[in-house]
Amino acid sequence: MTKPVIATASLAGCFGCHMSFLDIDEKILNLIELVEFDKSPIDDIKSFTRPVDIGLIEGGCCNAENVEVLGYFRKNCRILISVGECAIMGGLPAMRNTIPLKECLEEAYIKSLTVAPEDAFIPNDEELPLLLDRVYPCHEIVKIDYFLPGCPPSADLIWEALSALIQGRPIKLDYQLIKYD
Amino acid sequence: MDYKKIISKYNLDRTRLIELLKDIQAAEGYISEKAVAEVAKAFRISIAEVEGLISFYHFLSARPLGKYVVYLNNSITSEMAGRQEVALAFEEEAGCPFGKTSSDGLITLMETSCIGMNDQEPAALINEVIFTRLNKEKVKKLASWMKQGKPVQEMVEEFGDGANSHELVKAMVKNNIRKSGPVIFDDYLAGTAIHKTLETSPEAVIDEIKKANLLGRGGAGFPTGLKWELCRKEKGPEHYVICNADEGEPGTFKDRVILTERPEMVFEGMVISGYAVGARQGILYLRHEYSYLKKYLENILKKMREQGLLGKNIAGRGFDFEVEIKMGAGAYICGEESALIESAEGKRGEPRDRPPFPVQKGYLNMPSTVNNVETLATATRIMANGSNWFRAMGTSVSAGTKVLSVSGDCDRPGIYEVEFGLTIDELLKMAGARETFAIQVGGPSGQCIGEPGFSRKICFSDLATGGSVIIFNSSRDLFSVVANFLDFFIEESCGWCLPCRAGNVLLKKKFEKIIKGTGTRQDLKEIEAWGKIIKTTSRCGLGQTSANPVLTTLTNFRKLYESKIVKEAEFISEFDLITAVAEACILTGRNFQEENEHV
Ligand SMILES: Cc1cc2nc3c(=O)[nH]c(=O)nc-3n(C[C@H](O)[C@H](O)[C@H](O)COP(=O)(O)O)c2cc1C
Ligand code: SF4
């Protein structure tokens, strides 16, 4: 039997969910036995090399590039999972959603105390991904199959979810794994 | 402005803080930062605490308001009666949109949730005066008077029926009592129940109420006798009796009519329950929208004192009991009993964790009973006529009568006192409703039912209702009804629990997606799942029922929803990249489409 293939991406997130993923510690050795990794910051594979079984998405979408990457993942992954608060709800970056984009950018690039007068303009280089009007959770843009809550979801939660999915058994999350206060 | 003078009137009594803020607002038109600072300093509380009060209550304002503030009701029956035209007329006259004040500072336009006038919409409060059955012409006339500076009270040209035209009320409000019944609206000789009550022991009173099988009329249907008994058993230096006259559920207005026509029965009910639970003090918590009844009710209390039915040594039997009227300041959640108590204590009306229940730790942490206006009036009649007489009416589980507030599409909207067990069909006939498509029983927090459910009965074991019944005929769009109700809960959530604060917003968005025709089967499933989460994880009755408008219509009018969704689609996104980057393009002077031509 071929091993299931996993891909991961961090969109508008802080890489905390990826860190948490790595927190499965020595179990990562077991994981490597069970799965193979494709496109992911973990192995630094930049683009998809084959059809992927499970895509893990950290972070929501705050700019056009996030949307593009999310679209690629949807196209190339059989199962797509939103991992963590930012992917599921927009999270911390979505705090800007109540403030008009113009005000946000002006505050950062024009009015900020550390901006020298001659540098006071909103960055407009074509290399920069354009910001979206607000930060979107992933499921508003593409179909998401599963959601793993947490900020970040604990390593044990990610581990349990992945192994249940790979083994095709119902997921069993202890209360402690989904209790956040 | 001399705030000190106003502040000094309140003896630093924290429970009267909301009243104090209202007083400041009445004097200055709003509550300024300076006023907030002085109040906070005097009461030795933080500025944030005072600001928290102002932002919580709809009728308190931290920004200057016009000389005339129009609060136009936005409930569904108002919409159905032509609210939009009225709103446009107000905007035209004031020259500003809702939420704003006219440039000359004369008129402020505000929206407000149901003001208890559902049978005479569109209705508005202007300052504290009620105007009903508004239309374009009337708005023009009102506006011209405002421009002449006429006092609001003088704009009321015609008074309503019954005590609405009493010199202390002078309101254009109508009672519209279409069917009076033996319990509430039959004639009542003041004092009868109090005399009978004080002849027996408190235990015997509780027993009689228990035997009558009186269930609370405010919506939840808790046995009144048991509530009183539990409260009586609790130890505490004081016990309190609270009458819940917050009547905020859209579509109910029966407590207003009971307070207008049978206030003595309500107050006697408070005396009776005070005697039963061992309280010496009662509080009538009256919603701000009913401010026009305050003087009238105070006068009734005065008369009762003169007749020896209130105050010291009531009926010469050595029982002392007083009633104080406390005013709300605009918040539906303050109808929830623990939120009401918080509000009566002068705080934000946020529900408490329960237990402890109010009967254990209520007002000022003393054992307290909270009862609906109608419950207390009913208790009075039970003490006057006896539990056997009472139980002979209604059904075995639901004894007695219920006062219904009927509004919407029918010839005779108004008040109906009916025996429990009445079917919806019978009620529709009574009210003169034709081509009824749906009926909302129990207000937005209740259920929306269609034709197959019209043989169901109004009673606690079938269709329970606090009194609100809204009728929709086949010309109405059920989806706009649901949308209106969902907006109501979003507006009125106190914000404490995430599922209620954010969940209702998400639920509404999902619902809108369905209406727009971009919904899928999965979206319907999610609505059901999310509704269940909001219901089961919210702290109080508001969140526990806020999903009902969409959940009950989804159950009872499934076909309507099915006809809106795209059946073959697995997933439809409403996201549009070009629209989403449009603003960033303007801000950076870039052109997304050109940049991506090659892709
Ligand atoms: C959001 C919310 C609003 C309520 N509003 C009212 C109200 O306006 N009037 C009322 O009597 N009960 C209202 N209730 C019910 C009260 O919490 C309480 O059950 C009732 O006043 C008890 O009186 P009863 O036993 O005589 O019915 C409300 C409950 C909730 C959850
Ligand atoms: S359910 Fe809603 S209204 Fe009730 S306490 Fe929670 S947030 Fe407040």
Side-chain angles (χ1 to χ4, degrees), chain A residues 12 60-72 74-75 80 85 88-91 94 96-110 121-147 149 178-181, chain B residues 353 490 495-499 501-514 516 518-523 525-527 529-530 533 536-537 539 566 568-599:
Chain A
C61 293
C62 76
N63 63 33
E65 190 209 8
N66 294 154
V67 176
E68 195 181 325
V69 174
L70 183 61
Y72 278 145
R74 182 66 275 180
K75 252 194 218 123
L80 202 56
E85 174 64 17
I88 297 174
M89 281 290 172
R96 81 156 155 100
N97 286 3
T98 53
I99 304 163
L101 185 59
K102 185 164 187 265
E103 257 176 61
C104 287
L105 289 172
E106 283 177 354
E107 187 62 35
Y109 295 108
I110 296 176
F121 69 97
I122 294 171
N124 56 3
D125 194 298
E126 280 194 18
E127 287 298 309
L128 295 170
L130 279 161
L131 289 181
L132 307 181
D133 54 346
R134 62 182 174 90
V135 177
Y136 292 79
C138 296
H139 64 266
E140 285 189 17
I141 296 179
V142 299
K143 178 170 183 285
I144 298 289
D145 302 292
Y146 298 102
F147 301 84
I178 44 169
K179 176 177 168 288
Y180 299 107
D181 53 1
Chain B
D353 283 332
I490 290 171
W496 186 284
C497 325
L498 181 78
R501 182 181 67 236
N504 282 315
V505 177
L506 293 175
L507 196 67
K508 170 90 194 298
K509 273 197 183 163
K510 199 51 122 183
F511 171 79
E512 281 168 351
K513 187 169 185 243
I514 307 274
K516 266 189 264 166
T518 54
T520 62
R521 215 167 272 292
Q522 179 63 23
D523 287 320
K525 272 196 203 145
E526 281 172 15
I527 285 189
W530 296 0
I533 292 173
T536 49
T537 57
R539 187 159 72 138
V566 187
E568 59 281 8
E570 200 190 359
F571 177 85
I572 299 177
S573 169
E574 292 190 293
F575 178 78
D576 177 52
L577 187 55
I578 309 283
T579 320
V581 294
E583 197 182 345
C585 285
I586 296 174
L587 293 170
T588 54
R590 288 168 55 183
N591 186 324
F592 181 72
Q593 272 150 303
E594 247 170 45
E595 285 175 16
N596 287 277
E597 255 165 16
H598 60 281
V599 188

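Every chain is numbered from 1, with letters handed out A, B, ... down the list of sequences. Model, not experiment: these values are computed from the prediction.
A salt bridge links A/R134 with A/E140: the closest approach of a Lys/Arg side-chain nitrogen to an acidic carboxylate oxygen falls below 4.0 angstrom. A salt bridge does not link B/R590 to A/E126: none of the charged side-chain nitrogens sits closer than 4.0 Å to a carboxylate oxygen. Checked for salt-bridge contact, B/E574 and B/K516 meet the test: a charged N lies under 4.0 Å from a carboxylate O.
When atom types are taken as modelled, the side chain of B/K513 and the backbone of B/I572 share a donor-acceptor pair closer than 3.5 angstrom. With hydrogens and angles disregarded, a donor-acceptor distance shorter than 3.5 Å links the side chain of A/N97 to the backbone of A/V135. Here the side chain of A/D145 pairs a donor or acceptor atom with the backbone of A/L80 at under 3.5 angstrom.
Only the side chain of B/L506 comes within contact range of chain A, with at least one heavy atom under 4.5 Å from a heavy atom of that chain. Heavy atoms closer than 4.5 Å to chain B are found nowhere in A/F121, neither backbone nor side chain. Using a 4.5 Å cut-off between heavy atoms, B/L587 contacts chain A through both its backbone and its side chain. In this structure, the portion of A/D125 lying under 4.5 Å from any heavy atom of chain B is its backbone and not its side chain. For B/F575, the parts sitting under 4.5 Å from any heavy atom of chain A are the backbone and the side chain alike.
In terms of heavy-atom pairs under 4.5 Å with chain A, the best-connected choice from B/A580, B/A502, B/A584, B/S573 is B/A580. The residue among A/D133, A/L130, A/L128 with the most heavy atom pairs within less than 4.5 Å of chain B is A/L130. Of all the listed residues (A/L132, A/I141, A/V142, A/L131), the one sharing the greatest number of non-hydrogen pairs under 4.5 Å with chain B is A/I141.
Smallest separation of non-hydrogen atoms from B/L577 and B/F592: CD2-CZ, 3.6 Å. The two residues A/E65 and A/P129 have their closest heavy-atom pair at CB-CB, 3.8 Å.
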Next on the checklist: Show, in sequence, the C-alpha distance, side-chain angles and deciding distance for B/E512 and B/K508, and conclude whether the salt bridge (charged side-chain N to carboxylate O under 4.0 Å, His left out) test is met.
Outcome noted: CA-CA 6 Å; B/E512 281 168 351; B/K508 170 90 194 298; 2.9 Å; yes

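Of residues 99-108 of chain A, those residues lying under 4.5 Å from chain B by any heavy-atom pair are A/L101, A/K102, A/L105.
For B/Q593 and B/E597, the side-chain atoms include no donor-acceptor pair closer than 3.5 Å.
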